[in-house]
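The block underneath contains the structure these notes are about, expressed in structure tokens.
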Amino acid sequence: MEIKEKIAKSVAQAADIKSAEILDLLETPPDPKMGDVALPCFRLAKTLRKAPPLIAQEIMDKLTPPAGVSSMQAAGGYVNFFLDRTAFARDTLKAALAPDFGASDLGAGRRVVIDYSSVNIAKPFHIGHLSSTAIGHSLYKIYAYLGYRPVGINHLGDWGTQFGKLIAAYKLWGDDAEIEKDSVSAMLRLYVRFHEEAEKDPALNEQGRAWFKKIEDGDSEALRIFGWFSDLTLREAKRVYEMLGIQFDYFTGESFYNDKMQPVIDELREKNLLEQDEGAYIVRLEEYNLPPCIILKTDGATLYSTRDLAAAEYRKKTFDFHKALYVVAYQQSLHFKQLFAVLEKMGKPWAKDMEHVAFGMVSLEDGTLSTRHGKIVLLEDVLSRAVEKTLATINEKNPDLANKEDVARQVGIGAVLYSTLSAGRIKDITFSFERVLNFDGETGPYVQYTHARASSVLRKYGKADDPGADFTALDDADAFAVIRQIESFPAAILAAAEKNEPSFVTRHITLLAQHFNKYYYEHRIMDTDEKKTNARIQLTRAVQKTIATGLSLLGIAAPERM
RNA sequence: GUACCCGUAGCUCAGCUGGAUAGAGCGUUGGACUCCGACUCCAAAGGCCGAAGGUUCGAAUCCUUUCGGGUACGCCA
């Protein structure tokens with residue numbers, strides 16, 4: 001970054017163009033043999049009204065290369081700059097070895113509310129919830145690293161007529177011991193049975209509605225049963241969160257907003273936004289080219305949207321957020337567009353600070369996930385199988401390793417997290433054990449292995465860094481590739497936050513691991529020249545640190561041995 | 001029907017605020033452990049970037065149309 005600014009500045013002087021404009025043009029050539037930084041002159045041709053190769057030549061002739069640039073070359077319509085690699089290595093490693101490399105105070109004093117994971121009461125925690133959980137948690141870490149104060153909210157699915165049905169089913173066929181023992185699975189069986197029986201006997205639905213009404217009215221028995229179900233579900237979910245190393249600041253679910261909806265409805269009325277249509281109350285959104293948003297049903301009951309409006313209002317009031325993110329699957333993108341549009345119509349200037357961080361659908365190889373038909377894969381099973389497989393690998397390759405079980409957990413779970421955070425979040429995922437449990441190539445274990453390998457070298461070296469290190473040892477192309485990648489780490493974090501895209505971090509550290517592994521094979525790190533050895537050790541240390549930081553931003557552990 | 005998203009190597013994906021010969025991993029084939037960790041590395045094969053127009057000095061990238069796939073579209077969440 002810094003060197004690009006210097007180049008932009010000197011080009012600006014030579015060509016009499018604004019330096020910011022030049023900085024914008026600067027890019028990295030496709031092949032390092034061409035140069036390290038390139039200035040394409042094609043766009044300048046328009047204003048200067050000269051042929052690009054001529055401009056390139058003229059700029060080069062007039063230019064005094066800034067410190068850090070060793071040579072220049074005009075080629076085609078480009079001016080190519082070759083960096084002084086020794087200086088680049090020294091500067092980059094110094095920055096990378098300082099504490100909190102890539103961190104910033106960009107977000108100082110700003111809160112970012114992140115709504116993620118959102119488990120449903122009485123429903124199993126399956127692989128369909130992994131994306132929201134992993135992406136949300138990673139964003140939490142990324143924003144925190146950039147100085148923001150993230151607020152993690154688990155917006156529990158704990159409201160709706162379904163819970164009336166569940167209680168009705170429990171009253172008819174429930175067995176306390178079975179529920180205590182099987183928890184969510186037992187609840188799910190009751191729920192499925194209810195739907196089956198209601199097909200034959202529609203009167204059951206009436207019972208379901210009645211029980212839901214009791215929940216709404218605060219009936220003590222209804223609340224006791226529902227509270228019991230909630231506790232059991234959360235206990236199960238928290239076990240998974242613990243395995244994943246994830247915490248939330250709040251477990252405020254939908255029911256939390258029950259008493260907070262009326263003021264929003266009143267406000268909509270006052271502002272003349274509420275309109276009765278076919279018996280229901282709606283807000284029209286034609287000017288947004290969106291279908292209307294239903295606020296109240298014909299029977300006067302509230303809906304999902306009503307609750308989310310109240311939640312948005314509450315979050316703004318409580319946290320005064322700088323940004324509010326909803327890490328929710330893209331199926332709900334219309335809902336969020338409507339939600340944001342309604343808030344905007346209500347005159348909330350902060351509506352523009354809210355963002356739906358959408359991600360793709362998870363399906364199984366033989367079709368869509370379906371809780372009701374039992375076509376699901378439990379997240380806990382995936383995690384355990386990944387851990388088991390890792391343990392088997394460790395027993396085979398590194399049987400004397402201490403804390404094998406701990407490491408197996410870190411690597412196995414890391415593999416699962418990595419796999420959901422490696423592709424862009426909008427991509428659909430077809431879940432397959434084969435893919436998740438493959439640990440070769442661009443995978444979590446690969447990156448962790450690189451980290452462990454670097455750690456191992458550093459352990460062997462066992463000495464502190466030497467201020468007199470000879471960085472000319474890092475002049476070769478392999479080292480340069482590694483250093484360049486390290487240098488762009490802070491930019492990758494910023495971009496990840498900007499786009500709410502953790503995969504930018506995943507990709508960045510994966511590439512870094514690849515460059516380092518190549519370097520490791522081509523070069524001996526520790527040799528007889530102490531000053532040169534130390535420079536290569538600093539490189540190794542910077543790689544180790546950067547990978548560890550990157551992994552931690554993804555919520556993945558970085559074991560030193562594996 | 002309408003809106004949004006996705007089509008890049010056999011498979012999974014990068015690259016998409018336009019730039020120099022389209023990249024990686026998996027899989028396939030063939031190599032590399034007396035040497036700092038082989039969960040590693042090297043090499044080969046594999047592409048009209050869904051298609052057609054357009055804008056531009058230049059398009060995988062921007063615009064239009066079109067085909068294929070996905071998702072969602074008032075009283076579920």
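By convention in this document, chain letters (A, B, ...) are assigned in the order of the sequence lines, proteins followed by strands, and residues within each chain are numbered from 1. Since the structure is predicted, the reported quantities are computational estimates derived from the model, not experimental observations.
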Does a side-chain N or O of K427(A) approach OP1 or OP2 of C5(B) to a distance below 4.0 Å, or not? no

Reading RNA chain B 5' to 3', what string of ( ), [ ], | and . shows its pairs, if Watson-Crick and G-U wobble pairs count only when both distances fall under 3.5 Å? (((((((..((((.....[...)))).(((((.......))))).....(((((..]....))))))))))))....

Whole-Å C1' distance, U17(B) and C63(B): 16 Å

Using the test ring pair (Phe, Tyr, Trp, His ring centres under 6.0 Å), find all partners of F516(A) that sit at least two apart in sequence or belong to another chain. none

Using only heavy-atom distances, decide whether a donor-acceptor pair under 3.5 angstrom links the side-chain of S456(A) to the base of C36(B). no

Nucleotide nearest R453(A) when distance is taken to its side chain, options A20(B), G37(B), C76(B): G37(B)

Residues at least two apart in sequence or cross-chain that pass side chain to side chain contact (heavy atoms under 4.5 Å, CB included) with A312(A), listed by chain then number, are Y326(A), L343(A), W350(A), M354(A)

Any salt bridge between R385(A) and E388(A), counting N to O under 4.0 Å? no

Within the sub-3.5 Å range, which N or O atoms of nucleotides 69-71 of chain B have a protein N or O partner, and how far apart are they?
unit_1 : atom_1 : unit_2  : atom_2 : d
G70(B) : O2'    : Y330(A) : OH     : 3.0

Rounded to the nearest Å, what distance is computed from the CG atom of residue D24(A) to the P atom of nucleotide G18(B)? 9 Å

Any idea how H129(A) and F125(A) line up, ring-wise: parallel (<30°), tilted (30 to 60°), or perpendicular (>60°)? perpendicular

Residues from residues 509-524 of chain A lying under 4.0 Å of RNA chain B - heavy atoms: Q514(A), N517(A), K518(A), Y520(A), Y521(A), H523(A), R524(A)

Using a heavy-atom distance cut-off of less than 4.0 Å, which residues of residues 406-414 of chain A contact RNA chain B? none

With sugar-phosphate meaning primed atoms plus P, OP1 and OP2, does P40(A) contact a base, only sugar-phosphate, or nothing at under 4.0 Å between heavy atoms? nothing

